[in-house]
Amino acid sequence: MSFPLLTATAALPAIGAIATAAVPAARRTAAKWLALLFSLATLVLAGVALARFEPGGARYQLTESHAWIKDFGVRYELGVDGIGVALMALTALLIPFVILAGWHDADPLETKSSRWRPTQGFFALILMVEAMVILSFEATDVFLFYILFEAMLIPMYFLIGGFGDRAHTGSDENAAAQRSYAAVKFLLYNLVGGLIMLAAVIGLYVVAGTFSLSEIAEARANGSLSMATGTERWLFLGFFFAFAVKAPLWPLHTWLPNAMGEATSPVAVLITAVVDKVGTFAMLRFCLQLFPEASKWATPVILVLALISIVYGALLAVGQRDIKRLIAYASISHFGFIILGIFAMTSQGQSGATLYMVNHGISTAALMLVAGFLITRRGSRLIADYGGVQKVAPVLAGTFLIGGLATLSLPGLSPFVSEFLVLVGTFSAYPAAGIVATTGIVLAALYVLVLYQRTMTGPVKAGVQGMADLKARELVVVLPLIALLIFLGVYPKPLTEIVNPAVQHTMSDVQKKDPQPEVEAAK
């Protein structure tokens, strides 16, 4: 029996979570180092999986399949395609930086009115989220995926509600109330989506008689499985609604600014750069693969919603006064680009959407973590409280600028490649949608450059005087992310080679081909 690499990659952070939680309360530093070591070990295993993956090989590789709940046809089935292995590697890459960035975020507070912050629990919850997200990218059994899709909400709820941002302008009681509100809103939105998805999962089993993606694909190929048009559309809507909440797609997005604003900066990265990617990934793996005709039927409406997300998120980012909420609304705009690329149903659009998932994770992590370091120093999230930071902390300002430029998709940085492919793929199939989407680029330049101007340039404000520059630990967090943004912006081939074959499989599922350019005949 071959080594179960995928299981090990997901099990290691889960074991690390248990071990970290078991560390005695007085040994907080030991718990931090233990969590970091487990996250680095997980990164090594994810790297091995990425190295063993053959882009030109079978669609799902490193597969595992074991009987689980025989009476209901549920199996423990794992496998990764190019999209899944890329996102698994992204998750494993980001978690060590999240842990390092949040090194002191869960230390006990000194004020008596503030709730106790158990350090061990904070890092254990982060590792548990990592385990569930990685396993969700690997699951090829629909029921197994559903369990993970819902279970990851529990540790995220406690991370948002129990470990909020300390830079709050109100009283301790008001801060606790805002955290609780954000955590409950996050949980309720995603639980409602999950319950609707559960009904669709049950309906799929009634129709197909199995939860296995491979068995459903085989049944479709040999003609033994056919869904009535109405049935397929209702099942698609059940799955898509849950994924659109997680993504988040307008108008189901309103939980995200609250959650990211009230969470610590590392947890905000965990939300938007890691957990939310499960929603867009699932659109590719489950919506398009299981319900190809319904996906094409719903495409016009979804494209409109994606365009609204792009423009609406960017416009609200322009008007924000809170740094973290600005980044949250920018992410809503970026997720609109990802969904636009997926449902443009062209190879360029879907390749761009997949690259966008990876590159958005890296760029948002870089920007949000540097913003977190800035907010920690000043003790405020309000843009108006900053000014002249580049004069007292030039390295912090420089890394903040690069993260911002990546967010607006500057050529030479990795998000540019993603956004360019999404726009090319969309314009070739839906020219009007491609034109509208370009407004998101203009607005992104506006909110990023205005943010930098107001916080980093101009006279040094009183609260900024004496601000320390980035320290060694913070540089270890930020510099590798910036190096990746530059490397993948200049040379994206290693990533595209992994992703493109999986995109071709998805295009085959929906029986779509790239539109051919119209060439006028020579007179």
Side-chain angles (χ1 to χ4, degrees), residues 12-43 91-111 113-134 151-168 172 175-176 178-184 186-187 258-276 324 365 368-369 371-373 375-376 379 381 471 473-474 476-477:
L12 195 58
I15 296 169
I18 297 171
T20 301
V23 174
R27 305 191 63 184
R28 293 193 303 273
T29 302
K32 297 174 185 179
W33 280 107
L34 186 63
L36 180 60
L37 289 174
F38 269 99
S39 68
L40 291 173
T42 303
L43 177 58
T91 302
L93 172 70
L94 292 181
I95 296 301
F97 298 124
V98 167
I99 290 173
L100 277 172
W103 201 252
H104 298 298
D105 285 356
D107 289 347
L109 295 172
E110 297 177 359
T111 56
S113 59
S114 298
R115 64 177 65 179
W116 177 55
R117 303 165 71 91
T119 303
Q120 287 83 340
F122 179 75
F123 293 102
L125 289 170
I126 290 175
L127 289 176
M128 189 57 68
V129 171
E130 178 184 21
M132 293 178 181
V133 170
I134 287 177
M152 69 179 67
L153 301 179
I154 299 172
M156 286 305 307
Y157 169 79
F158 288 108
L159 283 169
I160 297 169
F163 302 92
D165 192 349
R166 294 177 177 178
H168 201 284
D172 291 335
Q178 291 294 329
R179 286 199 302 270
S180 297
Y181 173 78
V184 170
F186 162 82
L187 187 64
N258 296 101
M260 288 184 65
E262 298 304 322
T264 65
S265 294
V267 173
V269 169
L270 199 63
I271 294 170
T272 190
V274 176
V275 173
D276 287 355
K324 292 173 68 177
M368 179 60 84
L369 292 179
F373 298 148
I375 291 167
T376 299
R381 306 196 312 243
K471 301 176 183 178
R473 172 180 60 86
E474 296 165 334
V476 169
V477 171

Does CZ belonging to Arg27 count more than 12 external heavy atoms closer than 6.0 Å?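 For Arg27, atom CZ is not crowded (no more than 12 foreign heavy atoms under 6.0 Å).
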Determine whether a donor-acceptor pair (N or O, by modelled atom type, separation under 3.5 Å) exists between the side chain of Arg473 and the backbone of Leu100.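 Present.
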Taking Gly162's backbone N and O only, do any of them form a donor-acceptor pair with Arg179's side chain (distance below 3.5 Å, no angle check)?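 Here the side-chain-to-backbone pair does not exist.
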Quick one: do Ile154 and Met128 satisfy side-chain contact (heavy atoms from CB on, under 4.5 Å)? Show the steps, please. CA-CA 10 Å; Ile154 299 172; Met128 189 57 68; over 6 Å; no
Apply side-chain contact (heavy atoms from CB on, under 4.5 Å) to the pair Leu270 and Ile95, showing each step before the final yes or no. CA-CA 8 Å; Leu270 199 63; Ile95 296 301; 3.5 Å; yes
Shortest non-hydrogen contact from Ala30 to Val23?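 In this case the closest contact between Ala30 and Val23 is CB-CG1, 4.4 Å.
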Trace of the side-chain contact (heavy atoms from CB on, under 4.5 Å) decision for Leu127 with Ile18: CA-CA 9 Å; Leu127 289 176; Ile18 297 171; over 6 Å; no
Name all residues meeting the ring-ring contact (aromatic ring centres under 6.0 Å, His included) criterion together with Phe122; count only those two or more places apart in sequence or in a different chain, and write none if there are none.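 ring-ring contact (aromatic ring centres under 6.0 Å, His included) check on Phe122 returns Phe163.
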Restricting to non-hydrogen atoms, name the atom on Ala101 and the atom on Val477 that form the minimum distance, rounded to 0.1 Å.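 Shortest heavy-atom separation between Ala101 and Val477 comes out as N-CG2, 3.9 Å.
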I'd like to know if the side chain of Glu474 and the backbone of Lys471 have a donor-acceptor N/O pair within less than 3.5 Å.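 Yes, Glu474 side chain to Lys471 backbone: donor-acceptor pair under 3.5 Å.
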For Pro96 and Leu93, work out which heavy atoms get closest and say how close.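 In this case the closest contact between Pro96 and Leu93 is CD-O, 3.3 Å.
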Which pairs pass ring-ring contact (aromatic ring centres under 6.0 Å, His included) with one or both residues in residues 15-37, sequence neighbours excluded?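 Residue pairs with at least one partner in residues 15-37: Trp33-Trp103.
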Within a strict 4.5 Å, meaning less than it, do heavy atoms of the Val184 and Tyr157 side chains meet?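 Of all side-chain heavy-atom pairs linking Tyr157 with Val184, at least one is under 4.5 Å.
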From Leu40 CG over to Phe38 CZ, what is the distance, rounded to the nearest 0.5 angstrom?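 Rounded to the nearest 0.5 Å, the CG-CZ separation comes out at 11.5 Å.
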Inter-residue atom distance Asp105.CG - Thr264.OG1, 0.5 Å rounding: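 That separation rounds to 5.0 Å.
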Quick check for you: to the nearest 0.5 Å, what is the distance between Ile375 atom CD1 and Lys324 atom NZ?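 Going from CD1 on Ile375 over to NZ on Lys324, the span is 5.5 Å.
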Can you measure from CD (Glu130) to CG (Leu43) and round to the nearest 0.5 angstrom?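 Spacing of CD (Glu130) from CG (Leu43) equals 8.5 Å.
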If you compare all heavy atoms of Gly102 against all heavy atoms of Phe123, which two are closest, and at what distance to 0.1 Å?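 Where Gly102 meets Phe123 most closely, the heavy atoms are O-CZ, 3.3 Å.
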Check: Gln120 side chain, Pro24 main-chain N or O, donor-acceptor pair, under 3.5 Å: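 Pair found, side chain donor or acceptor close to backbone of Pro24.
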Are Thr20 and Ile126 close enough that some pair of their side-chain heavy atoms sits under 4.5 Å apart?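 When only atoms from C-beta onward are counted, Ile126 and Thr20 do not touch, as no gap falls below 4.5 Å.
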Any non-hydrogen side-chain atom of Val274 less than 4.5 Å from a side-chain atom of Val269?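 With C-beta onward as the side chain, the pair stays apart.
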Take Lys32 and Ile99 through the test side-chain contact (heavy atoms from CB on, under 4.5 Å) and record every step on the way to the result. CA-CA 8 Å; Lys32 297 174 185 179; Ile99 290 173; 5.8 Å; no
Roughly how far, to the nearest 0.5 Å, is CZ of Phe158 from CG of Leu187?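 It is 9.0 Å, given to the nearest 0.5 Å.
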So, taking the atom named OG in Ser39 and the one named CG in Leu12, what distance separates them when rounded to the nearest 0.5 Å?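 Interatomic distance, Ser39 OG to Leu12 CG, rounded to 0.5 Å: 9.5 Å.
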